[in-house]
Amino acid sequence: MPSSFVLCAHIITLQGSPTVAAADRALREFPDGAIVVDGRGRILDVGSRDQVRIPDGALIEDYRGLFLVPGFVDTHIHFPQVYLRDCYGGGSLLHWLEQWVFPGEAALADRRIAKAAAQDFVHALARAGTTTALIFGSQFTVAQEALYEELRRHGLRAVVGRTLMTHGPKAAAPLLTTLDEGLALCREEIAAIHPNSEAERDSLLRAAIIPRFALSLDARGFAKLGEFYAEQHERGVHFTTHLSENAEGPTGEVATVKKRFRVANYLDVYDGRIGTGRGRPSLLGERSTFAHAVHTTTQERKRLAKAGCSVAHCPSSQLFLGSGTMPWRKISEAGITIGAGSDVGAGDSFSIPTVLNAAWKVHMSAADRVTLSPASLLHLGTLGGAQALRLSDRIGTLEAGKDADFVLLDPRSDELLAKRLEATAGLPAAQARNQRLFALLMGGPRVHSTWVQGRRVPVTIP
Ligand code: GUN
Ligand code: ZN
């Protein structure tokens with residue numbers, strides 16, 4: 001067994017399992033800190049350097065001057081959109097999908113492009129300090145195989161599945177399968193990657209069932225998918241999709257969904273409540289993560305909360321597509337867990353700190369104005385995502401017993417940031433701590449290295 005090791009750095013983490021509203025009290029900082037990791041990649045101890053217990057023979061690596069925080073969790077990202085950021089679409093989700101996304105995703109049918117895309121995608125995640133991601137995969141088996149190979153090779157943690165589409169406009173034709181084909185392919189992928197037993201619990205990959213959004217299947221498809229989900233859910237398989245993202249007029253997403261399925265609420269489509277099929281198996285449950293939820297109603301939020309669902313909040317994507325702002329207060333006060341999502345390619349950055357920066361700004365400016373504290377931002381980018389994915393027993397904070405998933409951030413690469421951090425030394429302790437964390441997250445700090453289960457992800461970070 002490889003030996004245990006210790007990293008010395010300036011450590012900031014949340015502790016325990018607070019909700020986002022209780023994050024402030026859970027914030028811990030160890031300026032002269034150390035994290036002790038065993039040979040299996042599990043955290044043995046975290047704290048001040050002179051107080052942690054260091055096993056005999058442990059290797060000690062000195063990263064003083066760097067910050068060490070829990071790895072970022074991205075709860076919503078699209079693998080086949082790795083090359084589709086900044087597509088000039090402007091304001092309309094459905095138009096942007098047709099003009100750019102469907103043709104762009106179709107390119108991954110080519111094995112050579114798929115391999116390059118998988119490598120670039122995994123590198124971009126690691127370079128951004130993302131240690132865990134919930135990934136909408138490709139429709140093409142060659143691309144999915146390439147993605148799994150790269151994820152395994154780099155040792156990133158992911159919840160992932162193919163993006164299922166049986167219906168769509170002409171531009172989506174290359175991405176469509178029949179329902180039976182789509183479900184058979186999902187079943188094969190789940191069998192190939194999802195842990196089967198307690199012995200495989202350390203596995204970094206987990207499977208998800210992912211219909212692209214309501215407009216990608218028909219009523220029969222959602223009924224069948226409900227049955228499939230009921231069967232797979234027991235095994236710990238996840239579910240994710242988009243929900244109520246863009247309400248742009250009578251031809252926008254939300255209006256089109258309600259009209260096509262003749263439902264009162266968008267969520268009805270996922271909740272077994274379409275037409276005469278009411279009462280069919282629902283896709284809502286623990287490990288169900290809904291991206292966006294910008295235009296949800298009180299009733300929908302209650303149902304999401306009751307079923308234990310989570311929301312992937314993607315403010316940079318919502319800004320890019322003019323989708324509006326997720327109602328932070330209403331979602332969090334309903335008791336729904338919120339994680340951050342980059343939503344690349346509608347989101348224009350892989351960096352979760354950049355998403356947090358957008359979150360802080362949009363909620364400050366929203367009608368239900370909320371000023372997110374530095375600890376809440378850290379929660380959103382780390383523990384909130386882990387809770388959303390029901391992985392917080394393993395990741396999300398730096399505490400003994402959890403897996404050693406963390407990021408080293410280097411403030412010295414940005415002279416102005418470094419000086420801003422130094423200037424906190426003269427402030428009262430709590431203010432200094434808050435300011436350091438805020439400046440670090442908002443400033444999009446340079447990632448020095450990304451570590452999952454105690455292993456440094458092998459990627460060159462320029
Ligand atoms: N809704 C359906 N597909 C997509 C997608 O690829 N990106 C976003 N942001 N929303 C979607
Ligand atoms: Zn998305």
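Remember, it's 1-based here, ligands and their atoms both numbered in the order they're listed.
- The angle subtended at the Zn ion (ligand 2) by NE2 of His76 and NE2 of His78 is 100°, given to the nearest 10°.
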### Task
Before giving the answer on side chain to side chain contact (heavy atoms under 4.5 Å, CB included), spell out for Phe406 and Val452 the whole-Å C-alpha distance, their side-chain angles and the decisive distance to 0.1 Å.
CA-CA 7 Å; Phe406 57 83; Val452 177; over 6 Å; no

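- No part of Asn246 comes within 4.0 Å of ligand 1, judged by heavy-atom distances.
- Summary of contacts: the protein heavy atom closest to atom 10 (N) of ligand 1 is Glu245 OE1, 2.7 Å.
- Shortest distance from the Zn ion (ligand 2) to Asp343 is reached at OD1 (N/O/S atoms only).
- Using bins of under 30°, 30° to 60° and over 60° for the plane-to-plane angle, the ring pair Phe213/His242 lands in the perpendicular bin.
- The closest protein non-hydrogen atom to atom 3 (N) of ligand 1 is Arg212 NE, 2.8 Å.
- A ring pair (Phe, Tyr, Trp, His ring centres under 6.0 Å) with His313 is found for exactly one of His76, His292, His363, His379, namely His363.
- Within the coordination shell of the Zn ion (ligand 2), defined by N, O or S atoms under 2.8 Å, His242 is present.
- Heavy-atom separations between Trp96 and ligand 1 include at least one value shorter than 4.0 Å.
- For ligand 1, the polar-atom distance check finds no N/O of Glu105 at less than 3.5 Å from any of the ligand's N/O atoms.
- We find that Arg85 and Asp343 are not joined by a salt bridge, their nearest charged nitrogen and carboxylate oxygen being 4.0 Å or further apart.
- The shell of residues lying under 4.0 angstrom from ligand 1, judged by heavy atoms, excludes Glu253.
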### Message
For a side-chain hydrogen bond (donor to acceptor under 3.5 Å, both in side chains) check, start with the C-alpha distance between Asn265 and Arg273, then their side-chain angles and the critical distance, and finish with the verdict.
### Response
CA-CA 9 Å; Asn265 289 305; Arg273 297 181 188 214; over 6 Å; no

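- Those atoms of ligand 1 that come under 4.0 Å of a heavy atom in Asp343, given as number and element, are 8 (C), 9 (N).
- Taking the six-membered ring where the residue is Trp, the centroids of Phe79 and Phe136 are separated by 6.0 Å or more.
- In this structure, a donor-acceptor pair under 3.5 Å is present between the side chains of Thr141 and Arg162.
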